[in-house]
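First comes the structure, then the notes that go with it.
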Amino acid sequence: VTGLEVVVPPGELLRLGGPLRKDVASYDLKRLIIGSEGTLAIVTAAWLRLVPTPESSQTILAGYPDLSSGIEAIETVVGSGLEVATLEYLDQGALAAAPPVFLGGSNGVARFAVLCQADGSPEETRALTESVLEALTPNALFVHTPTRDDDVASVWRWREGLTAAVTAQHGGKVSEDIVVPFDKLSDAIAGTVAIGERLGLPACSWGHAGDGNIHSTFLINRAKPDQIWAAEQAAADLFQLALSLGGSISGEHGVGLVKSGYLARQLGARGFQLHTGIKQLFDPKGLLNPNKKV
Ligand code: LAC
Ligand code: ZN
């Protein structure tokens, strides 16, 4: 996003950024609006820098016997400086909910999966794929590198269906969106399962390994109030875990109403005071998405 046109209360139009390639004159109000969840201004237009679609890409799906061998593979990709477009994972529980049956036969033994996409010019894609396979293969139980369009589409449809497949296990779930420093990924994934065990809830996670952003999920039956209570407790413990690992309560989904109480803990007293002060300055009457985020 290089620029925004926004309306701020009580009704003035502002342009923040735009076609300039460089500009450090002001506080970065544009970035402040991005991710503000509609609490500061109403965005009426945006200038976007368009990135050309890569000429080619290769999808790679690899399965591992356990968490540590899968994490080692992910760390090798990132540690080798391989710039892949996508680096995702599924843990044991997520794989159990959505086994990649489209692979046939032997995939049932995998307890961790890595899903990766290399892209670029055909030459770049070939070279990057080779390096990624070198990193992913040593510990792998299987490596799937589909080339036919419909085989590639099957893999991504499977990934897109994950949320529904996990929800279907018990009919309900509480799913969070914590993010941790990349080297704490394994602690966050194992910690999610441990929190679930402590509270008697099946737990799993999947997400954007390359970003350290994980969808920690606790499975519940919504007809059982004790499970809803346990899931709320689990989310609280999870946020505490994220903060103790140096992370954040939300990597991509935002804070909204549900997590608004936790932001103060993440920011500390002074940080939270600055936050509420910014909200007050933009929207003194609290008209924009009231009670969200702050
Ligand atoms: C995902 C959504 C939930 O990554 O962000 O599956
Ligand atoms: Zn996500």
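Start at 1 and go down the list; that is how both ligands and their atoms are numbered. Below, each value reflects all heavy atoms present in this structure, side chains not excepted, and no hydrogens, waters or symmetry copies.
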Pair Lys293 + Glu37: basic N to acidic O under 4.0 Å: yes
Is the side chain of Glu176 donor-acceptor paired with the backbone N or O of Ser216 at a distance under 3.5 Å, no angle test? no
So what's ligand 1 close to, N/O to N/O, under 3.5 Å?
residue, atom, partner, partner atom, Å
ligand 1, 4 (O), Arg159, NH2, 2.8
ligand 1, 4 (O), His208, NE2, 3.1
ligand 1, 4 (O), His215, NE2, 3.0
ligand 1, 5 (O), His215, NE2, 3.1
ligand 1, 5 (O), Glu252, OE2, 2.9
ligand 1, 5 (O), His253, NE2, 2.8
ligand 1, 6 (O), Arg159, NH1, 3.1
ligand 1, 6 (O), Arg159, NH2, 3.3
ligand 1, 6 (O), Trp206, NE1, 3.3

For Asn291, does the CG atom sit with more than 12 other heavy atoms under 6.0 Å from it, leaving out its own atoms? no
With Glu88 via salt bridge (Lys or Arg N to Asp or Glu O under 4.0 Å) - residues at least two apart: Arg159
Is the closest basic N to carboxylate O distance between Arg157 and Glu160 below 4.0 Å? no
Just by distance, with hydrogens left out, do Ser69 and Asp66 show a side-chain donor and acceptor under 3.5 Å apart? yes
Residues pairing under side-chain hydrogen bond (donor to acceptor under 3.5 Å, both in side chains) where one sits in residues 231-257, two or more places apart or in two chains, turn out to be Asp177-Ser250, His208-Glu252, His215-Glu252, Gln233-Asp237, Ser248-Gln266
NZ/NE/NH1/NH2 to OD/OE distance under 4.0 Å, Asp150 and Arg148: yes
No waters, cut-off 2.8 Å: how many protein N, O or S atoms are close to the Zn ion (ligand 2)? 3
Between Trp206 and Tyr89, does the ring centre distance come in under 6.0 Å? no
